[in-house]
There are 2 protein chains.
Amino acid sequence: MKPTTSSSASHQRTRKDHATEAAEDYVEAIDDILSAKGECRVDDLRKHFSVSHVTVSRILARLQREGLVRKEAYRPVSLTKKGKRLADQSRERHQIVLEFLKKLGVSAEVAEMDAEGIEHHVSEETLEVMRRFNTK
Amino acid sequence: MKPTTSSSASHQRTRKDHATEAAEDYVEAIDDILSAKGECRVDDLRKHFSVSHVTVSRILARLQREGLVRKEAYRPVSLTKKGKRLADQSRERHQIVLEFLKKLGVSAEVAEMDAEGIEHHVSEETLEVMRRFNTK
DNA sequence: ACCAAAGTGTAGCTTGTGCTACAAATAGTG
DNA sequence: CACTATTTGTAGCACAAGCTACACTTTGGT
Ligand SMILES: [Mn+2]
Ligand SMILES: [Mn+2]
Ligand SMILES: [Mn+2]
Ligand SMILES: [Mn+2]
């Protein structure tokens with residue numbers, strides 16, 4: 001049963017997934033918070049992720065450099081078009097994975113916990129398989 | 001459809017999963033390489049993960065501090081009892097996730113790529129659900 | 001035994017993400 | 001308006017994991 005793919009390719013893929021993880025989770029959270037309460041502050045994200053406001057602030061600076069987010073000092077955060085697009089994609093994938101786990105028989109609480117990590121490692125092919133499973 | 005669990009708890013769990021990821025992947029790789037060729041060198045791990053030998057060296061030093069691995073300068077790596085136990089657990093979980101994805105209809109190549117990341121985010125409950133799915 | 005090649009170690013750099021402590025700005029309350 | 005509480009920013013720390021460059025050890029071939 002030798003691997004069809006070299007192990008190194010899988011580990012490289014995983015490292016790449018992790019490199020985009022923060023961006024995906026942040027734009028998704030920002031978009032959700034914007035929908036829920038009209039504006040998104042550093043402090044909202046601090047609570048959402050259970051990290052210090054400093055961590056939030058520095059990640060937002062990076063996302064701004066990458067053109068996903070707009071942010072002026074002491075002002076709320078907003079998403080660029082690119083950021084909104086990534087948020088929508090991320091949310092959709094998140095939902096599919098979550099729904100999949102629940103349909104599979106995992107409890108809602110545990111499904112929510114697991115989905116938050118799993119989502120970043122699901123390829124298009126696997127996502128499609130999950131989509132079909134969900135509608136079956 | 002409000003979350004049953006706070007989003008922050010999921011993100012904390014994901015961060016914890018990532019904190020143990022390198023240890024799990026390394027002891028598993030070491031154990032596999034030991035089985036395959038009798039000894040495991042820094043260079044074997046370098047190839048396995050597609051990183052520099054420096055990265056391998058520093059991660060091994062940490063795993064040694066954590067009591068998972070034995071290593072003397074210029075000598076091959078070996079696993080402690082604790083390391084071997086973690087390797088066995090990690091391999092078993094890896095196999096279950098991989099088998100699950102393939103049974104689900106994902107191609108072998110993609111299943112191998114995705115499993116390498118997903119495995120670290122699968123809770124005991126989800127793993128059990130996958131086990132049952134695999135034998136169905 | 002020697003020399004070259006391969007493998008390993010170490011110094012030192014980078015980036016990302018976590019933190020506390022302190023300073024500044026904004027918001028809320030009397 | 002003034003004062004306080006909350007929010008946000010910044011300095012500076014830690015740690016993990018990536019890298020290159022260079023030094024040292026080990027291995028293998030002549
Ligand atoms: Mn996530
Ligand atoms: Mn998410
Ligand atoms: Mn992950
Ligand atoms: Mn892995």
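So you know, we letter chains A, B, ... as the sequences are listed, proteins then strands, and number each from 1. Only heavy atoms go into these numbers, but all of them, side chains included; no hydrogens, no water, no symmetry mates.
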Verdict with supporting geometry, B:Asp88 and B:Glu92, side-chain contact (heavy atoms from CB on, under 4.5 Å):
CA-CA 6 Å; B:Asp88 288 337; B:Glu92 199 213 342; over 6 Å; no
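- Between the axis at the start and the axis at the end of the helix from C:dA1-D:dT30 to C:dG30-D:dC1 there is an angle of 10°, using five pairs per end and rounding to 10 degrees.
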Test side-chain contact (heavy atoms from CB on, under 4.5 Å) applied to B:Leu60 and B:Ile30, step by step
CA-CA 10 Å; B:Leu60 288 180; B:Ile30 291 165; 4.0 Å; yes
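- A residue-by-residue look at A:His53 and B:Val54 shows that B:Val54 has its nearest nucleotide of DNA chain C further toward the 5' end.
- Residues satisfying the side chain to side chain contact (heavy atoms under 4.5 Å, CB included) criterion with A:Ala61, sequence neighbours excluded, are absent altogether.
- Taking a cutoff of 4.0 Å between a charged side-chain nitrogen and a carboxylate oxygen, A:Glu109 and A:Lys102 do not qualify as a salt bridge.
- Residue whose closest nucleotide on DNA chain D sits further toward the 5' end, between B:Arg65 and B:Tyr74: B:Arg65.
- Inter-residue side-chain proximity for A:Glu21 and B:Thr14 is flagged as met; some heavy-atom pair is nearer than 4.5 Å.
- Within the structure, salt bridge (Lys or Arg N to Asp or Glu O under 4.0 Å) contacts touching residues 70-79 of chain B (residues at least two apart or in different chains) do not occur.
- Salt-bridge annotation for B:Glu24 and B:Arg93: present, with a side-chain N of the basic residue lying under 4.0 Å from a carboxylate O of the acidic one.
- Expressed to the nearest 0.5 Å, how far OG of B:Ser107 lies from CE of B:Met113 amounts to 9.5 Å.
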Given side-chain hydrogen bond (donor to acceptor under 3.5 Å, both in side chains), test A:Asp17 with A:His121 step by step and report yes or no.
CA-CA 6 Å; A:Asp17 292 341; A:His121 302 287; 3.1 Å; yes
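- Across all strands, A:Lys71 comes closer than 4.0 Å only to sugar-phosphate atoms, never to a base (heavy-atom distances).
- Taking every nucleotide of DNA chain C with any atom under 4.0 Å from a non-hydrogen atom of chain B, the first and last of them, 5' to 3', are C:dG7 to C:dG18.
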Before giving the answer on side-chain contact (heavy atoms from CB on, under 4.5 Å), spell out for B:Ile96 and B:Asn134 the whole-Å C-alpha distance, their side-chain angles and the decisive distance to 0.1 Å.
CA-CA 8 Å; B:Ile96 291 166; B:Asn134 286 350; 3.9 Å; yes
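- By the 6.0 Å contact criterion, NZ on A:Lys103 is enclosed, its count of non-hydrogen atoms from other residues, nucleotides or ligands being greater than 12.
- Taking every nucleotide of DNA chain D with any atom under 4.0 Å from a non-hydrogen atom of chain A, the first and last of them, 5' to 3', are D:dT7 to D:dG18.
- Annotation: proximity of residues 30-39 of chain A to DNA chain C (heavy atom, distance under 4.0 Å) is found for no residue.
- Heavy atoms of A:Arg46 sit nowhere under 4.0 angstrom from any nucleic acid atom.
- Among the protein residues, A:Ala22 comes within range of the sugar-phosphate backbone only, with heavy atoms under 4.0 Å from sugar or phosphate atoms but none that close to a base.
- Taking the side chain as every heavy atom from C-beta outward, A:Val69 and A:Thr80 never approach each other to under 4.5 Å.
- Mapping A:Arg75 and A:His18 onto DNA chain C via the closest heavy atom, the residue that lands nearer the 5' end is A:His18.
- Of the charged side-chain nitrogens involved, none lies within less than 4.0 Å of a carboxylate oxygen, so that B:Arg41 and B:Asp44 do not count as a salt-bridged pair.
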